[in-house]
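In what follows, a single structure is set out as structure tokens and then discussed.
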There are 2 protein chains.
Amino acid sequence: MNKKISIVDIANALNISKTTVSFILNGRAQEKRISEELVKRVLKLVKEVGYKPNSLAKSLRTGKSNIIGLMVEDISNPFFANIARLIEDRAYEKGYRIIYCSTDNDTEKTQDLLTMFQDRHVDGYIIAPPKNIEDDVAALIKSGLPVVMFDRYLPNVDTDYVVVDNQFSTYNATRHLIEQGYSKIAFITFASEQTQMLDRVEGYKNALKEARLKPYLREIDFNRNEELIIEPLTAYLKRNPDFDAVLFGTDHIGTCGLKVIKHLGLQVPADLAVVSFDDYDVFKLYSPPVTAIAQPIEAIADNVISLLLKKLDANHTQTTQKITLSTTLNTRDSSRSMLKVAITK
Amino acid sequence: MNKKISIVDIANALNISKTTVSFILNGRAQEKRISEELVKRVLKLVKEVGYKPNSLAKSLRTGKSNIIGLMVEDISNPFFANIARLIEDRAYEKGYRIIYCSTDNDTEKTQDLLTMFQDRHVDGYIIAPPKNIEDDVAALIKSGLPVVMFDRYLPNVDTDYVVVDNQFSTYNATRHLIEQGYSKIAFITFASEQTQMLDRVEGYKNALKEARLKPYLREIDFNRNEELIIEPLTAYLKRNPDFDAVLFGTDHIGTCGLKVIKHLGLQVPADLAVVSFDDYDVFKLYSPPVTAIAQPIEAIADNVISLLLKKLDANHTQTTQKITLSTTLNTRDSSRSMLKVAITK
DNA sequence: CTGAAAGCGCTAACAC
DNA sequence: GTGTTAGCGCTTTCAG
């Protein structure tokens with residue numbers, strides 16, 4: 001029923017024109033010097049009948065929607081789910097609605113989604129971009145749409161983004177392992193050509209090079225089926241029983257890694273010290289607790305949304321901003337030197 | 001640039017009417033007996049210039065959008081995040097896009113979101129309903145919109161839903177604890193008047209009554225700030241050192257519970273046996289592994305989406321369907337009788 | 001087979 | 001101060 005009431009209906013009911021109603025509803029009554037009394041009558045009727053302007057039509061006309069499109073890699077990944085949630089909250093406070101989608105790191109799907117967002121007249125875009133999406137994003141930006149990226153960025157596209165200092169994070173974590181006396185340190189991560197992964201690999205390698213140690217890098221193809229991650233991981237660890245420490249490149253691979261370690265019956269850190277990127281409950285609750293690189297999720301969300309809101313603001317005369325936040329290495333027993341662990345026991 | 005091309009442009013370019021173009025684009029060329037040659041020319045041009053029909057305008061006209069609105073309680077909760085992801089996948093295969101939002105169990109926010117979905121001409125709704133939303137959902141259904149609920153349902157609204165057998169699940173889990181020799185069994189969960197929670201409490205109570213044991217129910221108010229869950233939980237456990245087992249009502253409270261248990265230095269299951277609703281990595285990886293009630297996430301997602309697609313289908317002459325799926329109790333060491341644990345060691 | 005024209009609900013010049 | 005009117009881009013009846 002509500003749905004059928006249009007601005008015309010309420011204009012007719014009051015014997016005025018829909019323009020007047022439109023002005024009043026859009027807060028331009030003053031400006032248009034519409035009598036207060038009329039304004040009241042209109043507002044009253046609107047309340048009474050529960051009239052809601054059809055925002056679809058509005059968007060069609062204005063090109064604005066108060067909706068922000070958020071594209072994460074995979075909403076079932078805790079990192080993205082948490083960020084999404086925080087961004088949604090912040091946006092909601094400011095009167096924006098968020099609609100999100102998972103890109104699955106699939107370029108085609110992302111393009112498709114981008115198109116959908118675009119002709120849904122989304123006002124702004126927050127994207128964790130998959131590969132090969134440069135052109136599409138560049139086109140978006142060129143046509144004046146506000147875009148903010150996070151988690152990773154596109155080196156060849158000049159746009160605002162919020163990322164963490166991936167390179168330093170793994171450098172620092174690796175150094176920590178070295179300082180604790182480990183020397184055969186593997187880095188196991190997902191194969192990816194995206195900035196965040198490349199940087200993490202880089203940081204790991206740098207730390208090892210500095211200490212004149214040999215790197216052992218294993219990149220596993222991502223797969224939604226966990227078995228297909230666990231299997232090569234198991235094989236790799238079995239094939240290299242002499243590793244004394246391992247650094248996992250993401251929370252997901254870290255979790256899989258723990259399963260493998262548990263299954264193989266390895267003692268942490270005696271047989272193998274462990275550090276993982278991202279810090280979640282699994283790591284905190286594991287025995288022993290796992291050292292982890294914590295990303296500042298709240299700060300990421302805050303920065304992303306305020307960057308976007310700034311761009312959404314009428315006077316967007318600013319240049320692009322690239323924000324790099326730092327992570328925290330939460331050291332726990334999984335990576336302490338075996339000596340110290342023995343002592344504290 | 002793409003954005004500016006409209007159906008008129010392509011009609012003009014070919015010197016035909018936009019009607020013809022529209023027909024061709026909507027696969028009604030045959031029906032309208034448009035020459036194959038023309039069809040080809042149109043399609044070719046469309047490809048060339050990369051014309052995409054503006055779906056906003058299309059929706060305005062047809063009232064259809066091929067978009068499904070999905071409202072979960074909190075997207076950062078793994079249960080909902082996983083379901084959302086699976087539903088998104090299934091829908092995508094069928095040509096539907098999903099837009100999701102978190103209701104936060106906030107009635108007002110949900111109403112607001114519902115309105116947004118509604119005038120975005122969402123084709124169907126998938127909702128994990130918060131309380132006091134009966135009227136709004138009833139109105140939705142009354143106006144002929146397809147609605148499917150999941151995780152919980154509204155007893156007073158006759159609609160399709162997919163839930164799990166909550167009552168039997170906790171009954172079964174509690175019985176398991178009793179069989180393992182535990183007798184002072186607490187049930188700790190979030191305060192809620194929703195069907196899923198009420199059923200879980202009921203199942204727990206029934207099992208205890210059957211065994212003539214006393215129930216110890218503690219309902220904690222939900223809070224986004226984990227501290228405010230951990231604190232009362234800690235207090236409750238400290239106040240009742242004689243509990244020999246505890247059943248947690250959701251994954252979230254289960255995770256918090258583990259933190260508390262770890263912090264208090266309690267041995268599981270010697271000091272306290274543990275079972276939790278929902279089965280996630282944290283429980284599998286904990287030492288000892290935690291017995292958990294696993295919800296059939298894939299089946300829930302499958303059923304939800306196929307129910308909705310069925311309703312979306314033109315001939316929706318069917319009555320409402322209420323689907324209740326069963327859970328699986330994955331028994332692990334956290335709830336084995338202490339005797340057995342000793343033996344297997 | 002194809003085209004003219006109405007209209008989805010709203011906004012914003014432009015007139016009165 | 002208020003009303004008229006022309007679209008936004010598309011679908012669809014109804015005439016040719």
Side-chain angles (χ1 to χ4, degrees), chain A residues 1-42 46 49-66 115-116 118-123, chain B residues 1-42 46 49-67 115-116 118-123 143:
Chain A
M1 346 272 95
N2 281 11
K3 285 218 60 187
K4 314 229 74 171
I5 297 176
S6 100
I7 195 169
V8 176
D9 298 321
I10 107 116
N12 286 344
L14 260 34
N15 253 313
I16 56 178
S17 121
K18 58 178 182 167
T19 310
T20 313
V21 178
S22 174
F23 282 148
I24 293 177
L25 259 28
N26 291 313
R28 302 179 57 188
Q30 291 260 40
E31 174 190 337
K32 294 294 174 182
R33 298 202 261 164
I34 295 171
S35 72
E36 278 207 23
E37 188 257 332
L38 218 200
V39 172
K40 271 188 189 144
R41 266 172 52 214
V42 170
V46 165
V49 301
Y51 163 71
K52 300 267 189 209
N54 176 328
S55 55
L56 230 194
K58 196 165 172 169
S59 292
L60 184 58
R61 188 64 236 259
T62 61
K64 283 215 60 185
S65 63
N66 274 314
T115 307
M116 161 182 134
Q118 214 161 331
D119 51 38
R120 270 2 252 183
H121 284 202
V122 156
D123 289 345
Chain B
M1 344 270 96
N2 280 10
K3 285 219 59 188
K4 314 231 73 172
I5 297 175
S6 99
I7 195 169
V8 176
D9 297 321
I10 107 116
N12 286 344
L14 260 33
N15 252 311
I16 56 178
S17 120
K18 58 179 182 166
T19 310
T20 312
V21 179
S22 173
F23 283 148
I24 293 177
L25 259 29
N26 291 312
R28 302 179 56 187
Q30 291 260 42
E31 174 191 336
K32 294 294 173 181
R33 296 201 262 166
I34 296 172
S35 71
E36 277 206 24
E37 187 257 334
L38 216 199
V39 172
K40 270 187 192 144
R41 267 171 51 214
V42 169
V46 164
V49 301
Y51 163 71
K52 300 267 187 207
N54 176 327
S55 55
L56 230 193
K58 196 166 172 168
S59 292
L60 184 57
R61 187 65 235 258
T62 61
K64 283 215 60 189
S65 63
N66 274 314
I67 294 185
T115 307
M116 161 183 133
Q118 214 161 330
D119 51 38
R120 274 356 258 180
H121 284 202
V122 156
D123 289 345
S143 59

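Labels below follow one simple rule: chain letters A, B, ... track the order of the sequence lines, proteins then strands, and each chain is numbered from 1. Computed from a predicted model, the values in this text were never measured in an experiment.
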Classify [X] by what it touches in the nucleic acid, base, sugar-phosphate, or nothing, heavy-atom distance under 4.0 Å.
X       : result
B:Leu60 : base
A:Ser55 : nothing
B:Leu56 : nothing

Open item on the list: With salt bridge (Lys or Arg N to Asp or Glu O under 4.0 Å) as the rule and sequence neighbours excluded, what pairs involving residues 22-35 of chain A come up?
Closed with: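 Every salt bridge (Lys or Arg N to Asp or Glu O under 4.0 Å) pair that includes a residue of residues 22-35 of chain A, provided the two are not neighbours, is A:Arg28-A:Glu31.
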
Open item on the list: Show me the pairs that pass salt bridge (Lys or Arg N to Asp or Glu O under 4.0 Å) and involve residues 13-23 of chain B, at least two apart or across chains.
Closed with: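 As it turns out, there is no salt bridge (Lys or Arg N to Asp or Glu O under 4.0 Å) pair with a partner in residues 13-23 of chain B once direct neighbours are skipped.
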
Task: Watson-Crick or G-U stems of DNA chain D, 3 or more pairs, under 3.5 Å, by first number - done: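 For DNA chain D the paired stretches long enough to count as stems (3 pairs minimum) are C:1-16 with D:1-16.
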
How many whole angstroms separate atom [atom1] of [X] from atom [atom2] of [N]?
X        : N      : atom1 : atom2 : answer
B:Gln30  : C:dT2  : CD    : C1'   : 17 Å
A:His121 : D:dC8  : NE2   : C1'   : 8 Å
B:Asn12  : C:dG3  : CG    : P     : 11 Å
A:Lys64  : C:dA12 : NZ    : P     : 12 Å
B:Ile5   : D:dG9  : CD1   : C1'   : 14 Å
B:Ile10  : C:dT2  : CD1   : P     : 13 Å
A:Glu31  : C:dT11 : CD    : P     : 14 Å
B:Asn54  : D:dG7  : CG    : C1'   : 14 Å

Got a sec, which residues hit side chain to side chain donor-acceptor pair (under 3.5 Å) with [X], two or more places apart in sequence or on another chain?
X       : answer
B:Ser17 : B:Thr19
A:Ser55 : B:Asp119, B:Arg120
A:Asn12 : none

Open item on the list: If you only use heavy atoms from C-beta on, which nucleotide in C:dT2, C:dG3, D:dG1 is closest to the side chain of B:Leu38?
Closed with: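 Ranking C:dT2, C:dG3, D:dG1 by closest atom to the B:Leu38 side chain puts C:dT2 first.
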
- [ ] Heavy atoms only: give me the nearest B:Val49-B:Ile5 pair and the separation to one decimal.
- [x]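 B:Val49 and B:Ile5 have their closest heavy atoms at O-CD1, 3.5 Å.
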
Open item on the list: Could you work out, with salt bridge (Lys or Arg N to Asp or Glu O under 4.0 Å) as the rule, every residue matching B:Lys64, not counting sequence neighbours?
Closed with: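 In terms of salt bridge (Lys or Arg N to Asp or Glu O under 4.0 Å), with neighbours along the sequence ignored, B:Lys64 is linked to B:Asp123.
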
Open item on the list: Run the salt bridge (Lys or Arg N to Asp or Glu O under 4.0 Å) test against B:Arg41 and tell me which residues pass, sequence neighbours left out.
Closed with: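 For B:Arg41 the salt bridge (Lys or Arg N to Asp or Glu O under 4.0 Å) partners, ignoring immediate neighbours, are B:Glu37.
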
Task: Backbone of B:His121 reached by a side-chain donor or acceptor of B:Ser65 within 3.5 Å - done: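 Pair found, side chain donor or acceptor close to backbone of B:His121.
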
- [ ] Let me have a per-nucleotide readout for nucleotides 11-16 of chain D, 5' to 3', with B, S or -, counting only protein heavy atoms under 4.0 Å.
- [x] BBB---

